[in-house]
Amino acid sequence: MSELTLVTATDALFAWLLGEADAPEGLIVPPGGIDERWVFKWLRGTLPKLGGRGSWLMAADGEVVGLCSYKVPPNAERSVEIGYGVAGERRRMGHATRAVALLIEAARIDERVGVLTAETALSNLPSQRVLLANGFEDVGRGMDDDEGETIVWRLAL
């Protein structure tokens with residue numbers, strides 16, 4: 001299995017993913033792409049709010065295989081919700097589990113963060129396994145407009 005690293009997301013990288021700029025040296029996308037355009041646009045829009053910290057591209061041997069980030073800046077209680085996704089062609093390879101582990105490492109040195117949270121659809125068993133493997137606890141239920149009832153996860157750093 002290839003080594004997965006997190007590449008700090010920048011406006012220039014999102015410009016590339018949106019087809020607005022040339023590919024940066026050493027990065028490619030997998031067949032079928034990484035995600036939908038609206039995801040890149042939304043994540044690009046979060047960059048200024050996050051202060052340049054908390055958004056990453058998952059890279060394996062120079063190929064961007066997914067994305068992970070804080071969804072919003074950490075709140076006054078130092079809690080922040082995370083999200084992550086892996087390109088369809090690169091799932092079931094351990095990338096999400098490794099990326100969340102690396103995100104946790106980054107969050108531990110981010111003085112703004114003391115607690116990570118996440119939500120998964122009740123039917124999203126792979127994502128639930130990623131969170132369990134990284135020490136998150138099921139702390140209750142939530143509701144999502146698109147997903148319906150969700151599981152709320154929490155990890156104190």
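Quick note: residue numbers are just sequence positions, from 1.
For the atom pair CG of Asp11 and OG of Ser55, the computed distance is 11.0 Å after rounding to the nearest 0.5 Å. Here Trp42 contributes atom CH2 and Phe14 contributes atom CZ; the two are 9.5 Å apart, rounded to the nearest 0.5 Å. Between Gln128 atom CD and Ser123 atom OG the span is 8.0 Å, to the nearest 0.5 Å.
Residues satisfying the ring-ring contact (aromatic ring centres under 6.0 Å, His included) criterion with Phe136, sequence neighbours excluded, are absent altogether. Not counting sequence neighbours, the partners of Ser79 by the side-chain contact (heavy atoms from CB on, under 4.5 Å) test are Asn75, Val115, Thr117. By the side-chain contact (heavy atoms from CB on, under 4.5 Å) test, Val113 pairs with Tyr70, Pro74, Val80, Ala107, Asp110, Leu116, Leu157, sequence neighbours left out. In this view, Thr150 and Glu119 satisfy the side-chain hydrogen bond (donor to acceptor under 3.5 Å, both in side chains) rule, not counting sequence neighbours. Trp153 meets the ring-ring contact (aromatic ring centres under 6.0 Å, His included) test with no other residue; sequence neighbours excluded. Partners of Glu81 under the side-chain hydrogen bond (donor to acceptor under 3.5 Å, both in side chains) rule, at least two apart in sequence or in another chain, are Lys71. The side-chain contact (heavy atoms from CB on, under 4.5 Å) test applied to Ala99 returns Leu4, Leu6, Met58, Cys68, not counting sequence neighbours. Remark: Lys41 engages Leu18, Arg37 in a side-chain contact (heavy atoms from CB on, under 4.5 Å) (not counting sequence neighbours). For the side-chain hydrogen bond (donor to acceptor under 3.5 Å, both in side chains) test, residues two or more places apart in sequence or in another chain that qualify with Glu36 are Trp38.
Note: the hydrophobic cluster containing Leu132 also contains Leu102 (ILVMFWY, side chain heavy atoms under 4.5 Å, direct or indirect links). In this structure, Leu50 is not a member of the same hydrophobic cluster as Leu67, with clusters built from ILVMFWY side-chain heavy atoms closer than 4.5 Å. Trp56 and Ile82 fall within the same hydrophobic cluster, defined by Ile, Leu, Val, Met, Phe, Trp and Tyr side-chain heavy atoms under 4.5 Å apart, directly or through other members. Cluster membership for Trp16 and Val7, using ILVMFWY side-chain heavy atoms within less than 4.5 angstrom, is shared. Hydrophobic clustering of Ile, Leu, Val, Met, Phe, Trp and Tyr side chains at less than 4.5 Å, counting indirect connections, unites Val64 with Val39.
Contact record, Val65 with Ala60: CG1-CB, 4.2 Å, taken as the closest heavy-atom pair. For the pair Met143 and Glu149, the tightest heavy-atom approach, listed with the atom from each and the gap, is SD-N, 3.5 Å. Taking all atoms of both residues into account, the shortest heavy-atom contact from Gly135 to Leu155 is O-CD1, 3.3 Å.
Under a 4.5 Å side-chain heavy-atom criterion applied to ILVMFWY residues, the cluster that includes Val139 comprises Val152 as well.
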Practice task
Let me see the working for Leu57 and Leu17 under side-chain contact (heavy atoms from CB on, under 4.5 Å), right down to the final yes or no.
Solution key: CA-CA 11 Å; Leu57 282 64; Leu17 293 172; 4.1 Å; yes
Practice task
Decide side-chain contact (heavy atoms from CB on, under 4.5 Å) for Tyr84 and Val100; before the verdict, give the C-alpha distance in whole Å, the side-chain angles of both, and the deciding distance to 0.1 Å.
Solution key: CA-CA 8 Å; Tyr84 51 90; Val100 170; 3.7 Å; yes
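Glu147 contributes no side-chain N or O that, together with a main-chain N or O of Leu122, makes up a donor-acceptor pair within less than 3.5 Å. Checked by atom type and distance alone, the side chain of Arg112 pairs as donor or acceptor with a backbone atom of Arg53 at under 3.5 Å.
Sorted by first and then second residue, the side-chain hydrogen bond (donor to acceptor under 3.5 Å, both in side chains) pairs involving residues 129-142 (not counting sequence neighbours) are Asp138-Arg141.
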Report, one line per pair, each donor and acceptor closer than 3.5 Å where one atom sits in a side chain of residues 20-33; sequence neighbours left out.
{"unit_1": "Glu20", "atom_1": "OE1", "unit_2": "Arg44", "atom_2": "NH1", "d": "2.8"}
{"unit_1": "Glu20", "atom_1": "OE1", "unit_2": "Arg44", "atom_2": "NH2", "d": "3.2"}
{"unit_1": "Glu20", "atom_1": "OE2", "unit_2": "Arg44", "atom_2": "NH1", "d": "3.4"}

